[in-house]
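So the structure is just underneath, and the comments pick up after that.
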Amino acid sequence: MSRLPAAPDQAIRNAIVGEIDASCFVEASAGTGKTSLLVARILSLLRRPKVRAERLVAITFTEKAAAELMGRVRDALQRAVADPASPGHATLVRALEELDRAAITTIHSFCTRLLREFPVEAGVSPGFKVIDELEAGRLFDATWEAWLAAELARSDSLLRGPLECGARLEGGGSFAGPGLKEMARVLSRNRDLSADAEGAEPPTARRTRLVAEQRVALERALAETLELLGRCRKPTEDKAALKVTATLPGLRRALAAAAADPARGQRRLLALPPWPKLGNVGKAGDWADGALVDIRALAKAQFERDEAFIKAVRGEAVREAALALREFGAAYAAGKDRAGALDFDDLLLKARDLLRGSAAVRRELATGISHLLVDEYQDTDPLQAEIIFLLASDDAEESDWRRTRPAPGRLFLVGDPKQSIYRFRRADIAVYRQSLGRLAEAGGQQRRIEANFRTVPPLIAWVNALFDGLMPATDAPDDPTAAFRPAYAPLLACRPDDPAAPAGSPAVLLLPVASAEAGADARRRAEARRLAALVRHFVTEGGARVQGRGGAGAWAAPAYGDIALLFRKLTSVGLYEDAFRDAGVPYRVDGGRPVSYTHLTLPTKRIV
């Protein structure tokens, strides 16, 4: 086994690698060497004669990360095998020969393997094909067009209500948020969370009742308003009277439309502007018998009723749409069945159902999987967590993952809640915390590593000071966000700084920009000129120093290729290109990434 670098938390790292008879969760911040620990833990397992590579499963987030992890495990094994005196040498030789049988892969690839091993039990075609997001999108679009044409031709289509309430097929309209097609896509991706959208009262009936109640309320408010306006001494001058009077023609038309055709009149009621807020508008002297106070109170109450009505009716329309789109989901599933295809969500859902529904399959898998290691656990979604804990459970009969007990030493999780950024892919910090609790109740260890080998000490100090204030620990019972906001865990700097750096050199440079011209573009141009000058200063005058790759080698002035300039978006990047060209700074623009950047910035080898 390769020795881990000495660190202030070295004792914790040694325990993580050596105490393999206990399941363990490791919280590891960026730059703390978690992948090295994962590799070292795998080598410790493979030293044991009873642990075979083919019974190891290591799951990580991407195919690239899985390939890198396999490569690092292979390199570590080769180094260990090259030393005949290495502990467990014979078993490591065998492990190296068998390494290709180990499942070091992504969760989707692992689920594919499960379904191919147990197609009958999983209810899938033995020869199913996995379709990627592009192919799944094409099938989704084709199914949508065919289903929608047939659905809209039906006189009893449940889509009619949402469309009459302002929904759009492709988004927009008076509904906030996505259109019906995007709603269908979201429901498809979250089909494991589907619940009964109908409820005790069918949504169509409830929406009809809400519209009828609103019509009665508006008619009453109209009558009361007219009575109060009759007590205004200056109806053509008082601002409150004018503001209310302006709304009456539209209100009368909407009420007439709703009376003539209640089914379609609801759209007119929904399209009405909210009842005007009066606040302190109007003069008490313009009204008799305190009518101004009464009309202000009426306006406030009706405004609130209008808002509640719109919210309730649209909620029922969404429920109607969900019921209709459930039929689309069945049509989409049927299309995949005809094609013998499973998308990525199907892989997870069917693997989960297989494990949850068959104790016999889980008993067989328990004999084939001795250890399950999961990297980047903070990116795990509820389905993936369920699969992992069902596989690790010591009781094949328990089908609820929240009551499972991972077998001692079988489960090893690594993650960092601060890096949980894939909410759009259903990563859930609540599931992360629930998993930790389940592991702890089963006697598993919880460890945290804090030593950072990637970043120089001055920057670590700045990051600690900044984020300790931005991400404070809280368990306040009245704070609904506390469960979703992990506290910041301070890092310990272990990478040596530039020995030639002057004492007190800044870790972070704040570059103020002033412009005599007004406007955002003028400020950006001024900023671009300052940055171009700073980059030239770094490279040509030694204004900054960087170290060789991997934190090794001599410190020296950076080359232009050592610097990257990060943007939130590339909308105004042309202004920066102009400034760099004028300053004679070579650059390359690299776009189309979640964080777009040009190949120019502060010396990232030194600060990141």
Side-chain angles (χ1 to χ4, degrees), residues 136-216 218 253-272 306 308-339 341 343 345-346 349:
R138 286 197 295 263
L139 179 58
F140 181 96
D141 290 342
T143 306
W144 173 259
E145 296 300 328
W147 177 83
L148 184 64
E151 181 66 18
L152 293 180
R154 293 172 46 190
S155 60
D156 61 344
S157 171
L158 286 174
L159 286 184
R160 292 186 179 276
L163 291 170
E164 288 171 1
C165 288
R168 293 288 184 268
L169 297 176
E170 298 288 346
S174 59
F175 265 26
L180 293 174
K181 183 177 181 181
E182 184 58 27
M183 183 178 175
R185 199 182 306 276
V186 171
L187 289 172
S188 176
R189 288 174 176 167
N190 294 274
R191 49 193 175 272
D192 59 302
L193 304 179
S194 302
D196 183 6
E198 190 162 349
E201 183 181 14
T204 304
R206 176 166 164 76
R207 179 168 49 81
T208 302
R209 176 171 59 79
L210 288 168
V211 171
E213 292 172 354
Q214 175 71 353
R215 182 179 150 201
V216 170
L218 287 171
R253 287 193 297 271
L255 288 172
D261 185 352
R264 294 187 180 277
Q266 67 179 341
R267 189 163 187 172
R268 295 292 298 273
L269 295 183
L270 281 167
L272 278 173
D306 289 350
F309 164 71
I310 291 171
K311 183 178 180 180
V313 168
R314 288 180 177 169
E316 297 310 313
V318 168
R319 289 173 62 201
E320 284 181 276
L323 288 171
L325 295 175
R326 183 183 297 172
E327 298 177 12
F328 166 75
Y332 179 48
K336 288 184 288 184
D337 287 344
R338 287 191 296 272
D343 62 24
D345 296 319
D346 290 325
L349 188 58

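We're numbering straight along the sequence, starting at 1. Below, each value reflects all heavy atoms present in this structure, side chains not excepted, and no hydrogens, waters or symmetry copies.
By the ring pair (Phe, Tyr, Trp, His ring centres under 6.0 Å) test, Phe140 is found to be paired with Phe328, Tyr332, residues two or more places apart in sequence or in another chain being considered. The side chain to side chain donor-acceptor pair (under 3.5 Å) test applied to Arg154 returns Glu151, Asp156, Glu327, not counting sequence neighbours. Applying the side chain to side chain donor-acceptor pair (under 3.5 Å) criterion to Asp346, with sequence neighbours excluded, gives Arg191, Lys336. Take Asp141 and apply the side-chain contact (heavy atoms from CB on, under 4.5 Å) test, not counting sequence neighbours, and it matches Lys181, Arg185. The salt bridge (Lys or Arg N to Asp or Glu O under 4.0 Å) test applied to Arg189 returns no partner, not counting sequence neighbours. Residues passing the salt bridge (Lys or Arg N to Asp or Glu O under 4.0 Å) test with Glu145: none are found, sequence neighbours excluded. Under the rule for a side-chain contact (heavy atoms from CB on, under 4.5 Å), the partners of Ile310 that lie at least two apart in sequence or sit in another chain are Leu270, Arg314. For Ala331, the side-chain contact (heavy atoms from CB on, under 4.5 Å) partners are Thr143, Trp147, not counting sequence neighbours.
To the nearest 0.5 Å, atom CG of residue Leu180 and atom CG of residue Leu163 are 5.5 Å apart. Rounding to the nearest 0.5 angstrom, the gap separating the CE atom in Met183 from the OG atom in Ser188 is 13.0 Å. To the nearest 0.5 Å, the span separating CG on Leu152 from CG on Leu169 amounts to 6.5 Å. With values rounded to the nearest 0.5 angstrom, Leu269 atom CG is found 6.5 Å from Leu255 atom CG.
Across Pro162 and Ala317, no two heavy atoms sit closer than the pair CG-O, 3.2 Å. Residues Gln214 and Asp306 approach most closely at NE2-OD1, 2.9 Å, considering heavy atoms. Closest non-hydrogen pair, Ala324 versus Leu158, comes out as CB-CB, 3.8 Å.
The shortest distance between side-chain heavy atoms of Asn190 and Val186 falls below 4.5 Å. Looking at Trp144 and Leu139, their side chains never come closer than 4.5 Å, going by heavy atoms from C-beta outward.
Counting only distance, with no hydrogens or angles, the side chain of Arg215 and the backbone of Leu210 share no donor-acceptor pair below 3.5 Å.
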